[in-house]
Structure formats: C-alpha cells, structure tokens
Q: 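Before we start, here is the structure in question, set down as structure tokens.
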Amino acid sequence: IDESHFYKNLYLYTKMRNVGGIAQTDILFFPSGSLCRLPRNSPLLPGFFIGKDNNCHPTVGNSKLTVCTKSIILALYPYKWIIFYCMRLLVTCFRTAQGRTLFMEGTRPSTVNSIGMFDMLKGMGMITIVLAHTAELYPMQISGGLSLTAFFPFIYREALMAAFFIASGYGFRKRSIGKCIQQQLRALLKPYCITAVCTSLLHLLCHYMAFHYFPSSVTETLKVAGGFLLGLPHTTTYAGQQFFSTGPMWYLLSLLIGWVLLDAILNIFPEKYTHWAVLGIMLLGWGTTLVWELPFSLSQGAVIVPYLYIGYLAKKNRWLDKPLPRRTLYILLGGTALTAVGALLAQSTDCISMGEWTLGPLSILLDAATGFLFIRLFMRLNRFTGPIAQGLQAIGRNSLNIFCIHTVELIAIPWYLFAAHFTDHPLRGMLLQNVIAFASIGLVCALLNLRRSWIVKASATRRQAQRRTPALSQH
C-alpha cells in the first residue's frame, strides 16, 4: 500500500510505507524549478534518496556519493525544514535584489571612478567576514597543531581589511580638519551608536533566556555596553574590570580616526614630507600596541593611515585606470607570498584589532600590497554581469547594514552555547550556524531597505502635497 500526500508548492514529500511495518522510507524529491533541485536523471546521482534503514536510522541511497558528502547530508537532514525555508527566504531576497526593488539600482557594470566600483569587493568581503567569524567557534585541528578553520582562513584576513581601507581612501578628499571631523561623526558614529544600543539590549534578552538569572545577565551586558563606550577593539581589563570588545565595530572607529589623522597630515605637512608623516603615524600606532591598550581604537586608527593614503594616491595618480608595470606586479606578488610564508613559519596570523603583526611594521606594508592586488582583481571581475556578480554587488551596496547586523548577532547571541552542542560534529554546527546567520542578516537587510523605500516614497508624497498647497491657496 503506497500513500502519497503533503504536496505543497515546490516541495514534494512522498511517504512510502511497507505493509508489514518492517521498513519505512521517507523519500524527498525536488521537482524542476525548486530551490534545491537534485537532477533525478543525472548520471552522477542516479536513484538519489534520503531515507531510513531497517533500524530507522537516516541513510543516503546512492553508492556513488563520497563518505564526506553522505555525512554532510545526514548531518543536515534533521534540520531540512529550517534549511529549506531559510534558503527560500534568501532566494526571495536575492530575486528581489535582481528585480532592483530593494537592493539594486541599475544593471550597468561598475567601472573605474564610478560609485559602485568596489561593490563586488565589499560583497565578497562581507561573506568572508561572516564565514570566518563563524569558523572561529569550530576549530578543526590538523597535523602540526594548526587549526583548519581558525588559522588558514585568516592568513589574508588583514589583507582583505587593508583592501577595505584602501577602497575607503579612494573616496578621500582633503578638507578642513573641523569639517572632516563633523563629516565622520555624522557618517560613522550614528550607525555605531545604534549598533551598540541594539547589541546591548539583545544581549540582555538572550542571556536571560539562556541562563534565567537576571543579575548575571545585567553584569555581562554592562561589560558589553562598557566595551562600546570605550571603543575597545578586543576584550581588555581596565582598573581590574573586564570589558568586552566591540566586535567588528572596531572597523568603523578605526576608519573615523584614520580619516581625521590623514586629513590632519595633508593639512599640516608639505607634500614632500607627507609620506614620512604617514609612516611615522603608522609606527606610532604600532608602538602603542606593544605597551598599552588604547581605547577608542586609536592605535588601529593610526595603523590604517597608510592604507587610506594609498587609496588617496590611487585616485590622485589614476593607478586603477592603467595596467601595473611588470616590476610593480612582481613586487606585489612577492609581498603576497611573503605574507603567507611568514604566517606559516610563525604559526600566527596578523590581526589589526588585536594589535598583532607577524613581521611587525613590515606585515602592515605587506598587507597593503596584498590588499591592493585584491582591489585590482575585483576591478577586473566588475566586467561580469551575471546573477552571481549582481548578487555580490547587491551585498556590497548593503555592506554597512550587514556589518552592523552581523555585529549584533555575533555579540548578543551566545553562539558558544550553540557550538558546545556540536563539539563532536563541528562541520555540522558550522554549516547550521552559517545558515541561521545569513538568513537573519538577509531578512533584516530586506526590512531595512523596505523601510528606506517607504521613507523615500513618503517624503516624495509630502513634497508633492506641499507644492499643491500654495497653488490651491492662490486660487
């Protein structure tokens, strides 16, 4: 006796039950056009099914799949409904982005000196940052004691951050110091404060729900709020009191400090001494990380000044408009290779927020060389206009929102409790946490963009009403 039911939309769940009740198999089919379609007639996956064996244990009915692939499928099978609806949400947001109703403003490829020339770089960077922060909670040791998830993904982490700072410096314009401070406070301090408040409130709620002890939840939340007030790039102890870091928000504070310092250098020093002043500020910032933990990310803001300056010079001298000389290319490639060699030999990676560089000030300059190569690479990729490229550009246009939302979920949600349940299966936990993180970030970004579109429409309607009112009064 075969019973088929539960057909709904794109998802077909067929339940086949043996007459004697000896065996039961749940077969999942994904028809054409579904979100996770598996090719039923593909020579690579003939007879594919996910079901249960005679002992009612999940099994994968395809002998040509590798053991690793089967283990991943079986690990995610209990969460199939969560993954299915999260993927459906993400695809919906992405299709909306393709329709240019929420994210995208045009389909023309970004070129040099256009507003969106770094959107693809920022989009890939946002995805990499979320994946890397998740991987830190699930260390997978390999031979030699190095962690597959907590070491190798971070070899070029600071080079990616350097590329972000160089891209920011590309839009730098010299102005008075007071005007520069006002502009940076208005552009960066507002999202920083909103993120701090949201993170503290959600942290209090999540920890109370997890531990059911309000005094302890308040104490831990005050450490989070204190870290945001002090602008700490990493967890630090002041006067015997521990304060937590601001998470990824150190980037905004460092960018604010770096812009102000670069503007001050360009206003104070003659042009022939500018290079030396930039290097001096960098060395001063690096030196302070050796002796003291400065608040408000002052040390990190001083260290990134060379990155902003390189972006400023790239626009001024049109370095991105013309091909690199062969000698310069070889120097940059050598610096990129030296970054990886230094990390492997020292078994340590650079980290701006922690004030750690494998080769000291040389690592700061090597990260700048690698970051500049990243920018050149993504400038070449801007010529593509396919769905993947458009999706990355859409993510890049929402990079500030994603950055703030990721900070909230990373600090406020006790992910370490979630990771503790997957100590024996770290890959399963890492995949599931990434699905939850990306789904929540995509949902909040969609809501924020809807809110912005509503505000724009309301303001336009209000302006039209104001224009009609004087005309009616004259009549």
Side-chain angles (χ1 to χ4, degrees), residues 33-37 39 86-134 153 156-157 159-171 248 251 311 314-315 318-324 329 332 336 370-406 434-435 437-446 448-450 452-453:
S34 65
L35 300 179
C36 304
R37 183 173 65 86
C86 288
M87 291 179 65
R88 186 171 184 175
L89 173 64
L90 290 177
V91 171
T92 302
C93 294
F94 177 73
R95 287 177 176 175
T96 306
Q98 277 191 307
R100 295 173 297 280
T101 57
L102 287 181
F103 298 119
M104 305 196 64
E105 299 171 0
T107 56
R108 188 179 57 170
S110 302
T111 56
V112 177
N113 294 325
S114 67
I115 296 177
M117 60 185 295
F118 300 118
D119 285 343
M120 189 176 294
L121 169 68
K122 293 187 292 184
M124 181 59 69
M126 290 297 104
I127 295 175
T128 304
I129 287 172
V130 176
L131 292 175
H133 286 160
T134 303
Y156 290 112
R157 168 182 57 183
L160 179 61
M161 301 306 299
F164 282 175
F165 287 119
I166 292 173
S168 177
Y170 195 84
Y251 174 84
K315 185 174 184 179
R318 307 182 69 85
W319 288 348
L320 299 180
D321 297 1
K322 46 192 177 184
L324 286 175
L329 179 61
L332 295 178
T336 303
T370 309
F372 189 76
L373 278 182
F374 284 169
I375 290 179
R376 298 283 302 196
L377 172 63
F378 280 95
M379 290 296 298
R380 286 179 173 269
L381 296 178
N382 275 341
R383 69 186 67 178
F384 296 102
T385 58
I388 296 178
Q390 293 180 3
L392 290 175
Q393 290 171 355
I395 295 173
R397 273 188 282 274
N398 287 267
S399 58
L400 182 58
N401 288 340
I402 295 173
F403 213 75
C404 296
I405 298 166
H406 175 54
N434 278 320
V435 170
F438 280 111
S440 60
I441 291 172
L443 176 61
V444 178
C445 277
L448 289 177
N449 281 279
L450 280 174
R452 184 175 62 182
S453 65

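Residues take their numbers from the sequence shown, with the count starting at 1. Only heavy atoms go into these numbers, but all of them, side chains included; no hydrogens, no water, no symmetry mates.
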Q: Any donor and acceptor pair, going by atom type alone, linking the side chain of Gln390 with main-chain N or O of Thr385 inside 3.5 Å?
A: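 Yes; at least one donor-acceptor contact below 3.5 Å.
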
Q: Counting only N and O atoms by type, is there a donor-acceptor contact under 3.5 Å from the side chain of Arg383 to the main-chain atoms of Arg380?
A: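 At least one qualifying donor-acceptor pair exists.
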
Q: Okay, side chain of Asn382, backbone of Met117: is any donor-acceptor separation there less than 3.5 Å?
A: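 Judged by distance alone, yes, a pair lies under 3.5 Å.
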
Q: Report the C-alpha separation of Leu448 and Val444 in whole Å, then their side-chain angles, then the decisive distance to 0.1 Å, and conclude whether the side chain to side chain contact (heavy atoms under 4.5 Å, CB included) test is met.
A: CA-CA 6 Å; Leu448 289 177; Val444 178; 4.2 Å; yes

Q: Is there a side chain to side chain contact (heavy atoms under 4.5 Å, CB included) between Cys445 and Ile402? Walk through the geometry before answering.
A: CA-CA 7 Å; Cys445 277; Ile402 295 173; 3.6 Å; yes

Q: I need the single residue from Leu332, Leu324, Leu329 that forms a side chain to side chain contact (heavy atoms under 4.5 Å, CB included) with Arg376. Which is it?
A: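 Of the listed options, the one satisfying the test is Leu324.
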
Q: Nearest 0.5 Å, please: how far is CD1 in Ile388 from CE in Met120?
A: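 These two atoms lie 10.0 Å from each other.
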
Q: Give the ring-plane orientation class for His406 versus His133, where under 30° counts as parallel, over 60° as perpendicular and anything between as tilted.
A: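 His406 vs His133 ring planes: parallel.
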
Q: Kindly determine whether Tyr170 and Leu320 satisfy side chain to side chain contact (heavy atoms under 4.5 Å, CB included), including the steps that lead there.
A: CA-CA 10 Å; Tyr170 195 84; Leu320 299 180; 3.6 Å; yes

Q: Report the residues that fulfil side chain to side chain donor-acceptor pair (under 3.5 Å) with Ser399, sequence neighbours left out, ordered by chain and then residue number.
A: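 Ser399 satisfies side chain to side chain donor-acceptor pair (under 3.5 Å) with no residue once adjacent residues are dropped.
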
Q: Is Ser168 reaching over with its side chain to a backbone N or O of Phe164, donor-acceptor style, under 3.5 angstrom?
A: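 Not confirmed, Ser168 side chain does not pair with Phe164 backbone.
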
Q: For Phe403, check ring-ring contact (aromatic ring centres under 6.0 Å, His included) against everything at least two apart and list the hits.
A: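 Here the qualifying residues are Tyr251.
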
Q: Report the residues that fulfil side-chain contact (heavy atoms from CB on, under 4.5 Å) with Met124, sequence neighbours left out, ordered by chain and then residue number.
A: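 If we apply the side-chain contact (heavy atoms from CB on, under 4.5 Å) test to Met124, skipping adjacent residues, the hits are Thr128, Phe378, Leu392.
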
Q: Measuring from atom CZ of Phe372 to atom OG1 of Thr336, what distance do you get when rounded to the nearest 0.5 angstrom?
A: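 One finds 11.5 Å between CZ of Phe372 and OG1 of Thr336.
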
Q: Working to the nearest 0.5 Å, report the span between CG of Leu121 and CD of Gln393.
A: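 Here the interatomic distance stands at 11.5 Å.
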
Q: So, taking the atom named CD1 in Ile405 and the one named CD1 in Ile441, what distance separates them when rounded to the nearest 0.5 Å?
A: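 Between Ile405 CD1 and Ile441 CD1, I get 6.5 Å after rounding to 0.5 Å.
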
